[in-house]
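By convention here, the first residue in the shown sequence is residue 1.
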Amino acid sequence: MASPLPAPEHIAIVMDGNGRWAKRRFLPRLAGHKQGVDALRRCVKACAERGVSALTVFAFSSENWSRPADEVSGLMELLARAIGREVPQLARDGIRVRFVGDRASLSAHLRVGLEQAEAQTAHCQLMLLNICFNYGGRWDIAQAAAGLAARGEAITPESLDAAMALSHVRDPDLLIRTGGEMRLSNFLLWQAAYSELVFSDKLWPDFDEAALDAAIAAYHARERRFGLISEQLTSEPPVLARA
């Protein structure tokens, strides 16, 4: 059942806890990542049902390359399989997919897969799913600044904002991290400046509709002031980036 509260327009999630979920069950870490794909499928469906316009998830960070080689190769294979299996259904459900991150270090085969997934869902309008893969917040800021410098453009908060890898979507209203950790881990450092943060103790494979609704309820319990004071909110609506 969908939450009775209106959903934030843009939700971002750090999907943490796959490895610990597997370890607690004496399973290989990759088994946890496979369960994580199932959890993402459920979450995408739940967000679409609740009227979320954009969902951005942290699938693989630029720091994750330092993990054991067998886990990294397994994650690459898992992504390739998931694209082939999940994208046709996402297209039928009206979910547009965009991959955000540095593609230069990915294999040619995987880059083609990402491009094909984006092309297959480019017409979809129900919800946007941003999958941050080989992404880091510092990389995003650096690539935006480098692009501006290369074009001889002034580096300002406004020009940087427009050059970010997620400039096609408004900044997230709500950022959720599962797994009990309370940090951003280099995720959306620029875009999360005024996001409401919710930390869930649930490991990502266990994150369900009830946990999503609890995060949305926590979001609605907050007062978002954007640097103003409470008394100003009724007369001076805050201006959001790319709202």
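- Of all the heavy atoms in Pro205 and Ala39, the pair that sits closest is CA-CB, 3.9 Å.
- A salt bridge links Arg50 with Asp213; the closest basic N to acidic carboxylate O contact falls under 4.0 Å.
- With 3.5 Å as the limit, one finds no donor-acceptor pair spanning the side chains of Arg170 and Ser53.
- In this structure, Asp140 and Ala165 approach most closely via the heavy-atom pair OD1-N, 2.9 Å.
- No side-chain donor-acceptor contact under 3.5 Å links Gln120 to the backbone of Pro88.
- Taking each heavy atom of Ala46 and Glu209 in turn, the nearest pair found is CB-CG, 3.9 Å.
- In this structure, the side chain of Glu86 does not engage the main chain of Ile83 through any donor-acceptor pair within 3.5 Å.
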Task: side-chain contact (heavy atoms from CB on, under 4.5 Å) between Met76 and Phe133, intermediate numbers included - done: CA-CA 10 Å; Met76 296 301 121; Phe133 194 86; 3.4 Å; yes
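- Taking both residues in full, the closest heavy atoms of Thr178 and Asp16 are given as OG1-O, 2.7 Å, listed atom of the first, atom of the second, then distance.
- No side-chain donor-acceptor contact under 3.5 Å links Ser61 and Asn186.
- The nearest pair of heavy atoms linking Ala145 to Leu160 is N-CD2, 3.7 Å.
- Cation-pi geometry between Arg24 and Trp21 is not satisfied (NZ or CZ under 6.0 Å from the ring centre, within 45° of the ring normal).
- Counting only distance, with no hydrogens or angles, the side chain of Arg177 and the backbone of Arg183 share a donor-acceptor pair below 3.5 Å.
- Salt bridge annotation for Arg111-Glu115: absent, with no cationic side-chain nitrogen under 4.0 angstrom from a carboxylate oxygen.
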